[in-house]
Amino acid sequence: MAHQHAHPDTPRFRQGPRPHRPSRSFALVNGLTFVVHLLLACAAEDLLATRVAGQINLGVVALLAQGSLLLWTAARYDRAAHEEAAHESTVEH
């Protein structure tokens with residue numbers, strides 16, 4: 001039985017685009033924000049319970065700020081990944 005060698009251009013050997021990995025700054029910014037919020041929630045309950053307007057307190061404001069930061073950094077990461085993929089596809093062709 002003859003052994004068949006696959007050509008390097010076959011899909012099995014073709015390398016696809018590398019998945020984009022989050023940068024360290026993405027993890028650092030969101031991780032530090034989470035840790036600061038957690039420490040404030042444990043150590044400064046009275047500060048976070050300070051009313052800002054009506055039933056809204058600093059804890060709610062801090063949580064909204066943390067969520068907004070997470071969404072903003074995720075959107076920047078996603079945009080960077082798409083730009084990198086577009087650049088790699090134009091370089092290949």
Side-chain angles (χ1 to χ4, degrees):
M1 180 184 257
H3 182 30
Q4 294 178 350
H5 293 284
H7 193 270
D9 288 336
T10 59
R12 192 176 101 180
F13 291 103
R14 196 174 303 150
Q15 232 179 350
R18 291 178 303 137
H20 187 77
R21 295 179 51 164
S23 66
R24 290 182 186 166
S25 61
F26 176 84
L28 186 67
V29 167
N30 289 296
L32 283 176
T33 306
F34 175 75
V35 168
V36 167
H37 194 144
L38 185 65
L39 289 174
L40 283 173
C42 292
E45 296 173 25
D46 295 337
L47 175 67
L48 292 181
T50 304
R51 297 224 184 255
V52 176
Q55 296 293 324
I56 308 283
N57 59 24
L58 279 178
V60 172
V61 172
L63 185 62
L64 291 173
Q66 181 182 352
S68 299
L69 178 68
L70 178 63
L71 290 173
W72 180 71
T73 55
R76 285 191 63 207
Y77 159 72
D78 188 50
R79 186 176 339 134
H82 283 292
E83 288 173 0
E84 183 179 308
H87 176 70
E88 286 180 0
S89 69
T90 58
V91 170
E92 286 180 1
H93 295 122

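FYI, side chains are in, hydrogens and waters are out, and symmetry mates aren't considered; it's all heavy atoms of this structure. Quick caveat, the model's predicted, so the values are computed rather than measured.
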Rounded to the nearest 0.5 Å, how far apart are CG of Leu39 and CZ of Phe34? 9.5 Å
What's in the same ILVMFWY side-chain cluster as Leu64, cut-off under 4.5 Å, chained through other members? Val36, Leu40, Leu47, Leu48, Val52, Ile56, Leu58, Val60, Val61
When Ile, Leu, Val, Met, Phe, Trp and Tyr are grouped by side-chain heavy atoms lying under 4.5 Å apart, directly or through other members, which residues fall in the same group as Leu28? Leu32
Residue pairs, two or more places apart or on separate chains, that pass side chain to side chain donor-acceptor pair (under 3.5 Å) and touch residues 28-49: Asn30-Thr73, His37-Gln66
Please list, chain by chain and in numerical order, all residues satisfying side chain to side chain donor-acceptor pair (under 3.5 Å) with Thr50, sequence neighbours excluded. none
